Each structure stands twice: as structure tokens, then as C-alpha cells.
Amino acid sequence: MLVLGIESSCDETAAALMEDGHTVLSNVVASQIRTHRAFGGVVPELASREHLRNIGFVVRKAFADAARNYSDIDGIAVTQGPGLIGSLLVGLSFAKAMAFALRKPLVPVNHIEGHIYSAFIEHSRIQYPILALVVSGGHTSLIYSPRADEYESVGRTRDDAAGEAFDKLAKFVGLGYPGGPIIDRMAARGDARAFHFSIPKISDGSLDFSFSGFKTAALRQIQQSGIKPRRRGGKVSRQICDLVASYQRAIVDTLVAQTQKAADRLQPPSILLVGGVACNSLLRGRFTETFGPERVYYPNPVFTTDNAAMIAAAGTTKLVSAPTLLMDLNAFADLPLC
Ligand code: KG4
Ligand code: ZN
């Protein structure tokens, strides 16, 4: 089965061709980072325009890289939500037009489910039930999946997503956008014990997360310690490295602690760490240490941040079970997974 995946939920325009749910024949991602960098975050209106500009080229390149024709595909999988509505609509409308013109089935995929499937691309034998920590710029959720395509929410962020928390601190201290990868690198040079961040206690015993307190605490530390933001192109100070290392440690401690509580409760044989923040080296190391290398699965970094191979992977199972041509399909900014 040959599936075209299309993803445009945020600031990446992506298309991929995948065979039988595991073999990635092409994986094209047009990143908009340069467009949004000047603003320190994604500007929705600009994102929609960039998607419009890029989508045709990105899909054509996915076919060219895979050396396949449009008529070779068995179906199209497209991200339906959650995400920025204007961005989602570009990918969805393009997918509908293609499905109509080629007379091929079209299936909607939830972006979060796509991230979960990203771990399956290179690990075909992951055993269910699984516990997935989905941690990205827009989402931080713990999801339990007893079997394929069945999901239960175990915990979620009550305020910011973990990636958003990284991106915001990076902006405060002048490290640039997106902040997560830069903080990951700068933290390696700093002392993670230099600044104290108290881990919030969620009093109702739920496995939810909260990150906005870290942001406020970091702002206070910046003021109290007189930390100056890095000047554009300038050197990153020792104090900034210490601050981001301490902040990263607090976020990672929270993510690991809540996942551990969920794993103790649910005893899943497999634990997945997915979404852009799953690239974080401290978080990956701590997951392996805590749960053991034979139980933890991460996607390859190319499938960790937003991409369309993960959407094609998730869509393949749906095309097998229910081939449909959904021309009345709509996009939803807050589409729930469960
Ligand atoms: O999954 P993704 O590409 O988009 C969303 O669905 O949100 O995730 C992007 C997020 C950004 O917030 C980025 O800062 C974060 O992932 N990120 C990282 C790292 N690489 C990307 N955060 C921490 N450490 C990293 N190495
Ligand atoms: Zn994502």
C-alpha cells in the first residue's frame, strides 16, 4: 500500500510517500523557521501564506524523490487537527483536491496520533499496550493506548506545552527561535544546580503537568540576578547557560516524574517518547535510565519534529480498515484525540 501523507498543522509544510506503513520512500519538510524567527514565534497569518506558497512544490518533490507517479498511490492521509486553522486548511484542501482529481481515498489523521505513530516507523514490533508522552511546541500529554487506534488520556498540561516553555525562556534571554534545540545545546555548558526551580505539585493526584510557573520563576531569577539577554550574534553568558540548564532540568524532572507515576499505575510494556521535545538529549537520557532501553522507543530525529511520514504511517492503518472519500472533511483547531 502506497500512501501520500500531508502535514501543515503549524509551521512545517510536509509531504511523504510511505509504503506499507513502514518504508519511507520520501520525506519532504519545508520549514518556515526563517519567516517566524524575527517574531520569536509562529505568526499564524504568515504561516498560512507560506503553506500556500510551498505545498505544491513539497508534494511534487515527495513524488520525485520517491520516483513514483501520482496515480501509483492507494490513498492520501492528511492532518485534520489540532493546529492553526489557517495552516491546517491549506494541507486539507490540497489533499481533498488531489483525492478528487485522482479518485483516491482520503483519510483524516489527528496530529497527536501522527506523533505516536512516528515511533512505529522504525520500530515495527512495539508491543501494546503503550504509554506515550507526546511533548512538543503545542502539546504535552500522556496517552495510554491499549491497542492500535484506541486512546485514553492519562494526563495533559494545564497551561503551556513543554516546548512552548523552552521557546519562551529562549526568547527572554535572547537565544533565538525555536528555543528548544538551542537550550539543549547551551544547557550542556551550564550548571543545572545553579538556579532552583520548585516542581509544582498537582494537588488532586492527577497526572497533569504545569509549566507556566517555571516561566514566571525564570523571569524572577533573570531580574534578581541581573541576567542580561544575549545581544544578537553575541556570546552566551555563563549565567544564561546556568539558567537554561536549571530550567531544562526542572522541565525534564517534571516530565519524567509524571510518566513514571503513569507507568507504575498502568504497567505498559512499551513507553514512547514523541513530539519535537523528544529530541531533547537530557530527556532521552533520563527516559532510558528510568525505564530501561528495552522498554523505551523514540523516533529517529527526522520523524520527531513535525513531518508527513508520521501522518502517512498513522493513515495507512485507517486506509486499510476504512477506505473512504471524504469530500466534506473539515479541519479543527482543537481536534481531540480522546
Ligand atoms: O513537534 P514539533 O515540531 O511541533 C509541534 O507539534 O509543536 O515540536 C516543536 C517544538 C518546539 O517547541 C521546539 O523548541 C521543541 O519542539 N524542540 C526541542 C528540541 N528540539 C525541538 N525542545 C527541547 N530540546 C530539543 N532538542
Ligand atoms: Zn507536532
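Note: hydrogens, waters and symmetry copies are ignored here, and every other heavy atom, side chains too, is used. Counting starts at 1 for both ligands and their atoms, following the listed order. What you are looking at is a predicted structure, and each value in this text was computed from that prediction instead of being measured.
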Measure the distance from [atom] to every protein heavy atom, then report the residue, atom name and distance (to 0.1 Å) of the closest one.
| atom | value |
| --- | --- |
| atom 18 (C) of ligand 1 | Gly180 CA, 3.5 Å |
| atom 15 (C) of ligand 1 | Val277 CG2, 3.9 Å |
| atom 3 (O) of ligand 1 | Asp306 N, 3.0 Å |
| atom 24 (N) of ligand 1 | Asn280 ND2, 3.0 Å |
| atom 12 (O) of ligand 1 | Asp167 OD2, 2.7 Å |

Do [X] and [Y] sit within salt-bridge range, that is, some charged N less than 4.0 Å from a carboxylate O?
| X | Y | value |
| --- | --- | --- |
| Asp204 | Arg158 | yes |
| Arg238 | Asp191 | no |
| Asp167 | Lys171 | no |

Angle class for the Phe197/Tyr247 ring planes (parallel below 30°, perpendicular above 60°, tilted otherwise)? perpendicular
Going by the order shown, which atoms of ligand 1 are within less than 4.0 Å of some heavy atom of [X]?
| X | result |
| --- | --- |
| Thr305 | 3 (O) |
| Gly138 | 7 (O) |
| Gly276 | 1 (O), 2 (P), 8 (O), 16 (O), 17 (N), 18 (C), 19 (C), 20 (N), 21 (C) |
| Gly163 | 12 (O) |
| His115 | 1 (O), 6 (O) |

Examine all N, O or S atoms of Cys10, backbone included, and report whether one is under 2.8 Å from the Zn ion (ligand 2). no
Backbone or side-chain N/O/S of His139 under 2.8 Å of the Zn ion (ligand 2): no
Based purely on interatomic distance, does His111 place a nitrogen or oxygen under 3.5 Å from a nitrogen or oxygen of ligand 1? yes
Determine whether His115 and Asp306 make a side-chain contact, defined as any pair of heavy atoms from C-beta on separated by less than 4.5 Å. yes
For the residue pair Val135 and Asn280, establish whether any side-chain heavy-atom pair is separated by less than 4.5 Å.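 No. Closest side-chain heavy atoms not under 4.5 Å.
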Going by heavy atoms, is Cys10 under 4.0 Å from ligand 1?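 Heavy atoms of Cys10 never come under 4.0 Å of ligand 1.
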Test item, Gln248 contacting ligand 1 (heavy atom, 4.0 angstrom): no
Between Asp184 and ligand 1, find which residue part has any heavy-atom pair under 4.0 Å and reply side chain, backbone, both or neither.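 Looking at Asp184 and ligand 1, just side chain atoms fall under 4.0 Å.
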Just to verify, which of Asp160, Asp159, Thr140, Thr157 counts as forming a side chain to side chain donor-acceptor pair (under 3.5 Å) with Ser210?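 Among Asp160, Asp159, Thr140, Thr157, the one that satisfies the side chain to side chain donor-acceptor pair (under 3.5 Å) with Ser210 is Asp159.
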I want to confirm something. Looking only at heavy atoms, which of Gly137, Pro178, Ala278 is nearest to atom 7 (O) of ligand 1? Gly137
Find, among atoms of Asp306 that are N, O or S, the one nearest to the Zn ion (ligand 2), and state its name.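 In Asp306, the heteroatom (N, O or S) nearest the Zn ion (ligand 2) is OD1.
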Is the number of heavy atoms from other residues, nucleotides or ligands under 6.0 Å of Arg295 CZ greater than 12? yes
Would you find more than 12 non-hydrogen atoms of other residues, nucleotides or ligands less than 6.0 Å from Asp334 atom CG?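 No.
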Does the side-chain hydrogen bond (donor to acceptor under 3.5 Å, both in side chains) test come out yes or no for His51 and Thr13, once each step is laid out? CA-CA 6 Å; His51 284 303; Thr13 321; 2.9 Å; yes
Calculate, to the nearest 0.5 Å, the distance between atoms CZ and CD1 belonging to Phe166 and Ile251 respectively. 4.0 Å
